[in-house]
2 protein chains.
Amino acid sequence: GVKAKHGVQRRIKKGRIESSSHAAHGGDDNESEDDPDNGGGAERQREHPFIVTEPGEVARGKKNGLDYLFHLYEQCREFLVQVQNIAKEKGEKCPTKVTNQVFRFAKKSGASYINKPKMRHYVHCYALHCLDEEGSNALRRAYKERGENVGAWRQACYKPLVTIAARQGWDIDAIFNSHPRLSIWYVPTKLRQLCHAERSAAVAVATGSTTVGGGNDAGGVGHLLF
Amino acid sequence: GVKAKHGVQRRIKKGRIESSSHAAHGGDDNESEDDPDNGGGAERQREHPFIVTEPGEVARGKKNGLDYLFHLYEQCREFLVQVQNIAKEKGEKCPTKVTNQVFRFAKKSGASYINKPKMRHYVHCYALHCLDEEGSNALRRAYKERGENVGAWRQACYKPLVTIAARQGWDIDAIFNSHPRLSIWYVPTKLRQLCHAERSAAVAVATGSTTVGGGNDAGGVGHLLF
DNA sequence: CGCACGGGCGACCAGCGGACGGTGAGCTT
DNA sequence: AAGCTCACCGTCCGCTGGTCGCCCGTGCG
């Protein structure tokens, strides 16, 4: 099922003391020095949370903006290219996607602010940015204006992508693969499921089957659960 | 390194009592009934070993021929296509290669004579058959005439492939990927290593470096270890 | 028949793609 | 200062791709 847990589930945390050593932050410049705990040898342990920003807008306070988020995807692409060049030189298997190996390489290269869970979490947001920058920008402005949080904006990014998939024969994998910047990212499971569910609903309407799924026009994800 | 073992190595076997149930054998028809143990309910537990046969030749006795071997690769391709169709229908990730999932599907479909270690073992032999059928046929005839065993023939299949790679800029992955029947198979590690080693040697000769590697003409793998 | 050869394939492993949810940063009151 | 919201990312898990070598089928003397 969509949300089926694995066989067993245990998540016991240990304490966390990090000793990495880097300073690079990237995109935005909110490196305010008013933090009283930032003097000794302790580096920032977590990135500032993202907030919904308009295109070109720099996040204020202890936040990062969405331009910075998308910049992280470009950085990952550059790290992938480096990993590919090294692999080719050594005659080893050459990755075509951003794999664990690439995340490890990024970390080793000092980009400790890049990590797999974060990048995978926002892949579909980056996809929208790649495939329909105008639409992506409009969505950012709308969600910023409404004062929505990042989670709500992130959820909202699914719907326009499903609409795009509908126009392209529902093949979200083909859509990702045919875009040069997007093709290196795995299609998120949830996006694939949404496309499949909406395609099934569209087929049902066209067939005239008598099941669930009201008469939603092109592009409506409507009542589908996330 | 080329032959580096994993961290630990343990291989303790249990007894083997199988209870599978199928009858299909495939290609060749050497289903001779002179085996006195073949009457009750015990099915064949292992496939007959391969022998080097000429194109079109049916293996005699309790052996399988190379046409049958190559036929197995075609069957795997058909199983992959089925797995892909099912995945697409269910909106799940669609494999582009012959994966564990495909081997599992083949077994479930009654083709219990197909298994991963065997198919991976002979991939490069199949590759030669796909890329240069004339050359492959000539090699088979030569090794059959000399009375060589399957292992020797299998080893000999590497060299002509390296020669082909040399002509195509040493990119063995591109060679596999651009052939419709071959593109669904992973490039064997050993073949990739041989191509890399030979390319390095060729570059060294062209550069005039003073290292190992005598003046071997085009296509000689020569002294390289397998 | 018994023995030696050689190769089929069960079973193993490091590491992968994928996911969850506990800390704890950060804002509001 | 205290509280409480929410999201970052450490850590887990079912498998994958890849491999080794045991076991036994097989042919020969």
Side-chain angles (χ1 to χ4, degrees), chain A residues 2-18 35 37 44-51 60-64 69 93 95 97-104 107 112-123 148-154 185-190 192, chain B residues 2-18 35 37 44-51 60-64 69 93 95 97-104 107 112-123 148-154 185-190 192:
Chain A
V2 168
K3 259 267 167 136
K5 295 282 172 66
H6 299 309
V8 193
Q9 205 71 275
R10 267 171 300 125
R11 281 177 196 284
I12 288 121
K13 264 313 222 325
K14 309 184 299 190
R16 186 152 59 91
I17 292 165
E18 198 162 315
D35 190 336
D37 277 346
R44 171 156 65 237
Q45 303 217 339
R46 260 195 232 184
E47 282 281 278
H48 292 151
F50 290 109
I51 54 165
R60 311 208 125 268
K62 302 196 164 191
K63 296 289 183 180
N64 279 313
L69 172 61
K93 263 181 72 160
K97 304 272 189 187
V98 177
T99 61
N100 283 351
Q101 189 190 12
V102 174
F103 289 119
R104 226 180 295 122
K107 197 144 292 179
S112 69
Y113 47 89
I114 287 177
N115 62 72
K116 181 171 65 162
K118 173 162 64 188
M119 300 314 290
R120 296 262 184 261
H121 195 62
Y122 293 106
V123 166
E148 301 274 10
N149 64 28
V150 166
W153 166 76
R154 180 181 167 274
W185 297 96
Y186 290 108
V187 175
T189 304
K190 202 148 348 188
R192 208 201 318 274
Chain B
V2 168
K3 260 261 164 145
K5 294 283 172 64
H6 298 309
V8 192
Q9 206 71 278
R10 267 171 300 125
R11 278 174 199 283
I12 288 122
K13 261 318 218 330
K14 308 182 302 188
R16 185 151 59 90
I17 291 165
E18 199 161 315
D35 190 335
D37 276 347
R44 171 156 69 237
Q45 305 216 340
R46 262 196 230 185
E47 283 279 279
H48 292 151
F50 290 108
I51 53 165
R60 313 207 121 268
K62 302 196 164 192
K63 297 288 183 182
N64 278 313
L69 172 62
K93 264 180 73 158
K97 303 272 189 187
V98 177
T99 60
N100 284 352
Q101 190 189 13
V102 173
F103 288 120
R104 227 179 294 124
K107 197 143 290 176
S112 68
Y113 48 89
I114 288 176
N115 63 70
K116 180 171 63 163
K118 173 161 65 189
M119 301 314 290
R120 296 262 186 261
H121 196 62
Y122 293 106
V123 166
E148 301 274 11
N149 64 29
V150 166
W153 165 77
R154 180 180 168 276
W185 297 98
Y186 290 108
V187 175
T189 305
K190 205 151 336 191
R192 207 202 319 274

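Predicted model only: the values in this text are computed from it and were never measured. The sequence lines fix the lettering, A, B, ..., with proteins before strands; numbering per chain opens at 1.
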Could you state the [atom1]-[atom2] distance from [X] to [N], rounded to the nearest angstrom?
| X | N | atom1 | atom2 | result |
| --- | --- | --- | --- | --- |
| A:R120 | D:dG10 | CZ | C1' | 16 Å |
| B:N64 | D:dT26 | CG | C1' | 13 Å |
| A:I114 | D:dG10 | CD1 | P | 13 Å |
| A:M119 | C:dA19 | CE | C1' | 17 Å |
| B:F103 | C:dG10 | CZ | C1' | 14 Å |
| A:F50 | C:dG26 | CZ | P | 13 Å |
| B:K118 | D:dT19 | NZ | P | 19 Å |
| A:K97 | D:dG17 | NZ | P | 15 Å |

Can you sort out the partners of A:R192 under salt bridge (charged side-chain N to carboxylate O under 4.0 Å, His left out), two or more places apart, ordered by chain and number?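 Salt bridge (charged side-chain N to carboxylate O under 4.0 Å, His left out) list for A:R192, sorted by chain: A:D173.
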
Under the side-chain contact (heavy atoms from CB on, under 4.5 Å) test, residues paired with A:L69 that sit two or more places apart: A:F50, A:L66, A:Y73, A:Y122, A:W153

By side-chain contact (heavy atoms from CB on, under 4.5 Å), B:I51 pairs with (sequence neighbours left out) B:T53, B:A59, B:K63

Assert: residue with more 5' nearest nucleotide on DNA chain C, out of A:P117 and A:Q101, is A:Q101

Test side chain to side chain contact (heavy atoms under 4.5 Å, CB included), reference B:Y186, set B:T99, B:V123, B:V98, output is B:T99

State which residue, out of B:E47, B:K107, B:H48, fulfils the side chain to side chain contact (heavy atoms under 4.5 Å, CB included) condition with B:Y113. B:E47

With sugar-phosphate meaning primed atoms plus P, OP1 and OP2, does [X] contact a base, only sugar-phosphate, or nothing at under 4.0 Å between heavy atoms?
| X | value |
| --- | --- |
| A:K93 | sugar-phosphate |
| A:P49 | sugar-phosphate |
| B:R104 | sugar-phosphate |
| B:Y122 | sugar-phosphate |
| A:K116 | base |

Output the distance between atom CD (A:Q45) and atom OG (A:S112), rounded to the nearest 0.5 Å. 11.0 Å

Report the distance from atom NZ of A:K190 to atom NE2 of A:H121, rounding to the nearest 0.5 Å. 8.5 Å

Do the side chains of A:F103 and A:N115 get nearer than 4.5 Å, heavy atoms only?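 No, every pair of side-chain atoms sits at 4.5 Å or beyond.
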
At under 4.0 Å, does any side-chain N or O of A:H48 touch on OP1 or OP2 of C:dG26?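 Looking at the OP1 and OP2 atoms of C:dG26, one of them is under 4.0 Å from a side-chain N or O of A:H48.
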
Using a cutoff of under 3.5 Å, can you pull out all pairs of nitrogen or oxygen atoms linking the protein to nucleotides 1-6 of chain D, with atom names and distances?
none

For residues A:W185 and A:K97, report the shortest heavy-atom separation together with the two atoms involved. O-NZ, 3.8 Å

Anything under 3.5 Å between a protein N or O and an N or O of nucleotides 27-29 of chain D, put it in a table, one pair a line.
none

Looking at [options], which one has an atom nearest to any side-chain atom of [X]?
| X | options | answer |
| --- | --- | --- |
| B:Y186 | D:dG17, D:dT19, C:dA19 | D:dG17 |
| B:E47 | C:dC9, D:dA7, C:dG7 | C:dC9 |
| A:N100 | C:dG6, C:dG17, D:dC9 | C:dG17 |

If you take atom types as modelled and just measure distance, does the side chain of A:R46 reach the base of C:dT23 with a donor-acceptor pair under 3.5 Å?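 Yes.
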
Who pairs with B:K116 by side-chain hydrogen bond (donor to acceptor under 3.5 Å, both in side chains), at least two apart in sequence or on another chain?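 Result, side-chain hydrogen bond (donor to acceptor under 3.5 Å, both in side chains) vs B:K116: B:N100.
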
